[in-house]
Number of protein chains: 2
Amino acid sequence: MAVVSGGEAVDYRVAGVDIEAGDRAVELIRPLVRATARPGVLGDIGGFGGFFALPGGYREPVLVAGADGVGTKLKIAFALGRHDTVGIDCVAMNVNDILTHGAEPLFFLDYLAVGRLDPGQVAEVVAGVAEGCRQAGCALLGGETAEMPGFYAPGEYDLAGFAVGVVERSRLVDGSAVRPGDVVLGLASSGLHSNGYSLARRILLGDGGREAVGEGEAIGGGDREDEGEAMGGGHREGESGGGAVAGRLASRPPELGGRTLGEVLLEPTRIYVRPVLDLLREVPVHAMAHITGGGLVGNVPRVIPPGCRVVIRRDAWAVPPIFRLLERAGPVPEEEMWRVFNMGIGFVLVLDGAHADRAEEILAAAGEQVYRIGSVEPGEGILLR
Amino acid sequence: MAVVSGGEAVDYRVAGVDIEAGDRAVELIRPLVRATARPGVLGDIGGFGGFFALPGGYREPVLVAGADGVGTKLKIAFALGRHDTVGIDCVAMNVNDILTHGAEPLFFLDYLAVGRLDPGQVAEVVAGVAEGCRQAGCALLGGETAEMPGFYAPGEYDLAGFAVGVVERSRLVDGSAVRPGDVVLGLASSGLHSNGYSLARRILLGDGGREAVGEGEAIGGGDREDEGEAMGGGHREGESGGGAVAGRLASRPPELGGRTLGEVLLEPTRIYVRPVLDLLREVPVHAMAHITGGGLVGNVPRVIPPGCRVVIRRDAWAVPPIFRLLERAGPVPEEEMWRVFNMGIGFVLVLDGAHADRAEEILAAAGEQVYRIGSVEPGEGILLR
């Protein structure tokens, strides 16, 4: 038998799992969760599952579910020591996804995995999740905070989540109604949202890829030969330690209009739920796309039927400065920029041209910056002009 | 402006995110996902969300949802290089949770975060998730595979998931029907299930806590002063590298009846869905508990109302050898053992004594090892005798 420890008694806390800290975190989280209650929520935190009574009035209710995480944007939060906004990103990534099918988000659950459970930090993260749920009008029905010693560096964590929404089957939006002649509307993003951060950090902070992580500790460096070559072999850990990254995040590049690079990179993902649900109550929409990893090029074709081609006019809106900064600083080929980043458009709607003016009015009245970015032609795929 | 890279063009792959590998993984996963289809699933993988038409026949359908991860049991899979069973654990942790409320699991979504996307490894992990869904009778409706360079050591990952079930409101099991005189049945666990692995690895492999991780790399060592002291200051990385851990996992302690320590530690969590749903069709059940972190002591009281005390007779079943091995090898105080591990009971049911014989018959016929482990008395909390 292989036994390493011996003599002294071992308990769970010694093994790196702090049950009392978990209990304290639950106490801090409880009021945050309660504040997201909405019609349908039954009971309270603490059971083995969260309960949600499906709203009445549906003839054929279809549940729409999605899972997504924040990704390496978390490293920006770690470097800035600011943990109360990434939860908004986590909710946004999920609810904007299910929204594309016309579903009203009902509830959300989060998965937060930490190296060491710091109740205050957990509460900060969950406060962001709760704020995202408030913006999306969904309940934070439950979640899991896992203390996983040996998985995450001190002070670091991973954050993912799951959203469930509902839509009447006959009103499910799946792209099948898209026709040549349809108009394509784009809603402004708030920045990078939650995609492209490995590349952005690499370019702006010397902190992406696998060589270095935010806290200046190496995890598994040197396992991809092509990396050092493509980067000219430089820019290793020495340059990308926590202090250097923090300094870069505090810088104010003139293009960013006085904001720090950190503020711009940590800006929460915009949640489009309320404006789009407002729109759907009045105007039929043929397809919607959430612009995540893959950009417009990768995401819009996912909901466009055969025989239709989406043509995007890139001069229909001004690409925000952070993207131009990334493109120049890389340098990143323009094609790659459009394949990785949202370039200023976070959500796309395709609808009959006859409804376009009214749709723009409703979305603008709900606070969205709306652009008429293109149209549908006979053909296949997507074309950026 | 802080720019580290310069001169040569940078793309997403250089920054550590391999979109083509992601596409290959999706192709490998697709048939696994399809195989879990069940009535209610609409459409196919590839949209922004998964669709599930709620089954008809419910007057007041209540959705029950849970989120959970596999935890540090993953380190055993890493050390053994075997990735096709942790997905079963992931599904089990979630579906057994929602089952405690009488809900039939409808669908599951997984969140898999990897340091570097290896399509074969991803497909192995998802194959386990799909097998778990098959055992639980639920659809794998979607999921997220996130490539997060700098978060996970090479070859390592985190795995979590999310399950949604449905139950008629009048049949929701929440413990409120529990009465003094009720009988407590316990269903045998298949081993540690997915809890207590930080402690188990520390004891059996010298690999728990924060000093060392499975692949022999240090992440953030030395940040908890109490650890080195409690362990007598020894047993650091040198002893707990990947090779040493692999050797210990290959050992066959006589108590384990010829099985290797690795086999016993990686044994998938038992999924109780089908036997318990069989039971619920015929017999009213007052409360159920899934025995996870916290053991019987921590989990059973979660579903017992005020005025009732659960009394467990510890001689009602034989605690499996792996737990005795852990207790002795720690040594771990017995009280702590019962607070961390399931001690051989993975799922608990509380019901009227008049139904106990029939319940045992049904559960045994469905393949469960059932023990009558206790009863409910007037009082509060739980007592182990």
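Letters A, B, ... mirror the listed sequences (proteins, then strands); counts begin at 1.
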Roughly how far, to the nearest 0.5 Å, is the [atom2] atom of [Y] from the [atom1] atom of [X]?
X        : Y        : atom1 : atom2 : answer
A:Glu147 : B:Ser198 : CD    : OG    : 8.0 Å
B:Met148 : A:Lys75  : CE    : NZ    : 8.0 Å
A:Leu63  : B:Leu141 : CG    : CG    : 9.0 Å

Do other residues, nucleotides or ligands put more than 12 heavy atoms under 6.0 Å from B:Glu335 CD?
-> no
Given the options [options], which has more heavy-atom pairs under 4.5 Å with chain B than any of the others?
options                                : value
A:Val303, A:Val164, A:Thr100, A:Asp158 : A:Asp158
A:Gly40, A:Ala113, A:Ala53             : A:Ala53
A:Ala146, A:Gly143, A:Ala160           : A:Ala160
A:Thr292, A:Val167, A:Leu109           : A:Leu109

Which atoms of [X] come close to chain A, meaning under 4.5 Å heavy atom to heavy atom: side chain ones, backbone ones, both, or neither?
X        : result
B:Met288 : backbone
B:Tyr157 : backbone
B:Asp110 : backbone
B:Leu256 : neither
B:Tyr58  : neither
B:Ala103 : neither

[Y] side chain reached by [X] side chain, heavy atoms, under 4.5 Å:
X        : Y        : answer
B:Phe151 : A:Thr72  : yes
A:Ile98  : B:Phe48  : no
A:Glu60  : B:Leu54  : no
A:Phe162 : B:Tyr111 : yes

Highest number of heavy-atom pairs under 4.5 Å with chain A: which of B:Ala65, B:Gly56, B:Gly66?
-> B:Ala65
Looking at B:Gly155, B:Gly165, B:Gly161, which makes the most heavy-atom pairs under 4.5 Å with chain A?
-> B:Gly161
For B:His101, ring pair (Phe, Tyr, Trp, His ring centres under 6.0 Å) partners two or more places apart | A:Phe51
Examine whether an atom of A:Leu99 lies under 4.5 Å from a heavy atom of chain B, and if so say whether it belongs to the side chain, the backbone or both; otherwise answer neither.
-> neither
B:Tyr152 ring center near A:Tyr152 ring center (under 6.0 Å) | yes
